Undergrad: 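Have a look at this one.
Note that this is a predicted model, so its numbers are computed, not measured.
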Amino acid sequence: MSADFTSKFQTLIEILEYSSEKFKDRPLFGVKRDDSWAWMTYGAFREEVDRVRTGLAGLGISKGDTVAIISDNRPEWAIAAYGAYGLGAKVVPMYEAQHDDEWHYILGDTGTKVAFVASEEILGRVRAFADELPDLDEIIAFDGDGDGDGDGLAFASLGANSTTVPLADVDPEDIAGFVYTSGTTGKPKGVLLSHTNLAYNVSAITDVFPLNPDDRTLSFLPWAHAFGQTVELHTIYSLGMSTAFAESTSKIVANLSEVNPTMLVSVPRIFSRIYDGLQKHMEAEGGLTKTMFDAAVANAYKKQQLDGEGKSSWWVDAQHALFDRVVLSKVRARFGGNLKYAISGGAAIPMEVARFIDALGIKVYEGYGLSETSPIATANWPGSRMLGSVGKAIPGVRVEIDDAASADPRDGEIIVHGHNVMHGYHNLPEKTAEVMTEDGGFRTGDLGRLDNDGFLYVTGRVKEQYKLANGKYVVPTIIEEHLSLSPYIANSMVYGDGRPYNVALIVPEFDAVAEWAQARGIDREPDELVHDPRLLELIGAEIAKHTASLPKYESIREFALLREDFTTDNGMLTPTLKLRRNRVWDKFGDDVENLYA
């Protein structure tokens, strides 16, 4: 840990006490009800936290116990979590989209005593296997009256009319909670994060990134994900900012124009959708509108290049000022008009997408980390930004590259040291030992390189890189990121381990494909369309177009179109939307082999 970093907060309890008093009358959480947005203040939130803490104490929850939350983001999620933190209890969040057997495993693995769930429907599903969980005493639904199909408690009345229980004396090194890794293979692992891990991560982020109480986000990145939880719950709360909850991912753009956020925190997939949506919109507009837009973006790219070289041009700057006023400001108005920052994490954002959003006048700041690093390890921030990189190590954190961990001399395994490194995997000492260095560093399993200025570039996963028969090393995720830029490609998996060339399984973006087919009088069902030579020709051209900048050995020689998408429901994507390659192979391995036949 860097000696010159002093954390503003030692525990999440300190954040609770500080913010609930300092920002008492400011808006915190916004929820859309009956076509209008209702806002909860910091003061009202604290009252609810105190009530739920008191209710949990009445249920026997005390320091060291575990409380679970199975819910998408909502005010009750934060209330339940901070209610548990206030007793020194540990919080384990899960996704509504997870399968019942995953809930079962995690609830049992953590010895959860009280589980908060989003709805009566989820309550019923958990109750179906609750008899197999001897530690689970109570299940409480956020929605419902608590007695719909059993004897559960009502969340709204938990702790009401009781004398408020004081906050527990929490040590910074006490475990605040678990974050279960999605697990692209095998069972998920419970990452143990202390109050120090989370509070120091919050303090380090706010130390370098200039945000203030007037900033606002639109929340849709799950708080069960370490990135969403640390950045969009704990950090936002520590700064007096406000958060509105998106109605759904399909309504993100509409909600942006309603709540006028200044910051959008997301994984690259959402930014890619924004990129695709704007490109399609401008193509449909055509004429002078598209000409002006293309000219504005092209000039913004020139300005980006000059800025990167430490140069400037009065003519480029003058054009940019004009284009910004006449064109780009109108594009930003589609997102509420106030959007200043696009914060990306969870995976690498395609460079083309980052440059494009940045050209619109929305500064892109990409960061890097894992659940095991609380999660932020590196970030770009104002005054220290390099597009294409994931930034420099945040205060109190050090990053090194282990060249010996990669057979490719261009990079090595990223190792993280500092206050953000987890306490280990719950009940898995051998798994913990595998990823920890002797001096307390965490082996991320990611490949990367550091430039001379300390900017980190992530190039793939150690376990996912493979060697072609010609000896060239390939990181498939980089190719897949390029393919994702096509409006006609929804998902892909690239393969070539030990083979003479790369092949790909491609899931078409069927809405876009349907429009394309209709315009050409092609009337075929998706099951037939994936074998249509005309669609195969289109996708082949899209693959060639979007991989043209890659080395020739990374090109895709053959591909197959799939009717079934990769989703969380069929287990081919993790809840954080990472590809489970082994699951895809189990289902479509024969299709891959046929491409080499």
Side-chain angles (χ1 to χ4, degrees), residues 30 72-74 77 95 97 182 205 209 211 215-236 241-279 331-332 334-336 338-371 375-381 385 387-391 458 477 480-481 484-485 490-491 568 573-579:
D72 293 338
N73 300 0
R74 54 192 292 169
W77 196 111
Y95 304 85
S182 305
I205 295 166
F209 211 97
L211 296 168
D215 283 309
R216 173 173 292 175
T217 70
L218 179 71
S219 175
F220 54 87
L221 192 63
W223 289 344
H225 186 286
F227 179 42
Q229 184 185 145
T230 297
V231 176
E232 242 185 339
L233 173 57
H234 305 314
T235 300
I236 268 56
M241 293 171 56
S242 55
T243 295
F245 296 100
E247 294 176 273
S248 65
T249 53
S250 64
K251 293 186 177 181
I252 287 173
V253 174
N255 290 160
L256 285 169
S257 65
E258 295 167 346
V259 301
N260 307 321
T262 59
M263 185 169 80
L264 187 62
V265 181
S266 179
V267 291
R269 175 172 292 231
I270 299 300
F271 292 123
S272 293
R273 287 181 184 174
I274 291 173
Y275 168 87
D276 290 339
L278 277 174
Q279 296 284 11
V331 176
R332 292 196 298 273
R334 292 168 56 87
F335 309 121
N338 293 332
L339 202 55
K340 299 183 294 183
Y341 309 123
I343 311 298
S344 182
I349 185 171
M351 185 62 171
E352 186 173 343
V353 173
R355 289 183 67 229
F356 178 78
I357 292 176
D358 206 75
L360 299 180
I362 303 167
K363 290 291 185 184
V364 175
Y365 293 97
E366 189 173 4
Y368 166 76
L370 304 90
S371 299
I376 309 300
T378 69
N380 285 280
W381 57 79
R385 191 176 77 120
L387 279 180
S389 81
V390 292
V458 179
T477 50
E480 290 156 2
E481 286 162 10
S484 72
L485 296 177
N491 270 310
T568 55
L573 292 182
T574 71
T576 54
L577 307 182
K578 292 184 177 68
L579 189 64

Undergrad: Only pairs at least two apart or in different chains count here, so list each ring-ring contact (aromatic ring centres under 6.0 Å, His included) that has a residue in residues 245-274.
TA: F29-F245, W223-F245
Undergrad: So, using ring-ring contact (aromatic ring centres under 6.0 Å, His included) as the criterion, who are the partners of Y275 when residues are at least two apart?
TA: F356
Undergrad: Quick one: pull up OH in Y368 and CG in N380 and give me the separation to the nearest 0.5 Å.
TA: 14.5 Å
Undergrad: Report yes if some heavy atom in the side chain of I274 is under 4.5 Å from a heavy atom in the side chain of F335; otherwise report no.
TA: yes
Undergrad: Hey, what do you get for OG1 (T235) to CD1 (I205), rounding to the nearest 0.5 Å?
TA: 4.0 Å
Undergrad: Measuring from L211:CG to I236:CD1, what's the distance to the nearest 0.5 Å?
TA: 7.0 Å
Undergrad: Residues two or more places apart in sequence or in another chain: which of them pass salt bridge (Lys or Arg N to Asp or Glu O under 4.0 Å) with E352?
TA: none
Undergrad: In the structure I gave you, are the side-chain heavy atoms of L579 and L573 within less than 4.5 Å of one another anywhere?
TA: yes
Undergrad: Would you check, one step at a time, whether the test side chain to side chain contact (heavy atoms under 4.5 Å, CB included) holds for Y95 with T568?
TA: CA-CA 11 Å; Y95 304 85; T568 55; over 6 Å; no
Undergrad: Any heavy-atom pair between the side chains of L256 and P261 that's under 4.5 Å?
TA: yes
Undergrad: Using a cut-off of 6.0 Å, state whether more than 12 heavy atoms not belonging to K340 lie near its atom NZ.
TA: yes
Undergrad: Tell me, do I270 and F220 make a side-chain contact under 4.5 Å, heavy atoms counted?
TA: yes
Undergrad: Can you name the nearest heavy-atom pair linking S248 to N255, along with the distance?
TA: N-OD1, 4.5 Å
Undergrad: I'd like to know if the side chain of N73 reaches the main chain of L221, judged simply by a donor and an acceptor atom lying under 3.5 Å from each other, with no hydrogens or angles considered.
TA: yes
Undergrad: Please find the pair of heavy atoms, one from A226 and one from P375, that lie closest to each other, and give the distance.
TA: O-CD, 3.5 Å
Undergrad: For a 4.5 angstrom cut-off between non-hydrogen side-chain atoms, does R385 reach D358?
TA: yes
Undergrad: For residues Y365 and M263, determine if any side-chain heavy atom of one lies less than 4.5 Å from a side-chain heavy atom of the other.
TA: no
Undergrad: Return the CD to CG distance between Q279 and L485, rounded to the nearest 0.5 Å.
TA: 9.5 Å
Undergrad: Quick one: salt bridge (Lys or Arg N to Asp or Glu O under 4.0 Å) partners of R334, sequence neighbours excluded?
TA: none
Undergrad: Quick one: does any side-chain atom of D215 pair with a main-chain N or O of M241 as donor and acceptor, under 3.5 Å?
TA: no
Undergrad: Would you indicate whether the side-chain heavy atoms of I376 and F227 approach each other to under 4.5 Å?
TA: yes
Undergrad: Any side-chain donor paired with an acceptor under 3.5 Å for T217 and S219?
TA: no
Undergrad: Short question: side chain of T378, backbone of V390 - any donor-acceptor pair under 3.5 Å?
TA: yes
Undergrad: Decide yes or no for D276 and R273: does some side-chain heavy atom of the first lie under 4.5 Å from some side-chain heavy atom of the second?
TA: no
Undergrad: Testing the basics here: between A246 and I252, what is the closest heavy-atom pair and its distance to 0.1 Å?
TA: CB-CG1, 4.5 Å
Undergrad: If you take all heavy atoms of S344 and V267, which pair is closest and at what distance?
TA: OG-C, 4.4 Å
Undergrad: Rounded to the nearest 0.5 Å, how far does CD of E247 lie from CG of L218?
TA: 9.5 Å
Undergrad: For S242, give me all partners under side chain to side chain donor-acceptor pair (under 3.5 Å), at least two apart in sequence or on another chain.
TA: R216
Undergrad: State which residues pass side chain to side chain donor-acceptor pair (under 3.5 Å) with E481; sequence neighbours excluded, sorted by chain then number.
TA: none
Undergrad: Find the distance between CD1 (I357) and CZ (R332) and round it off to the nearest 0.5 Å.
TA: 13.0 Å
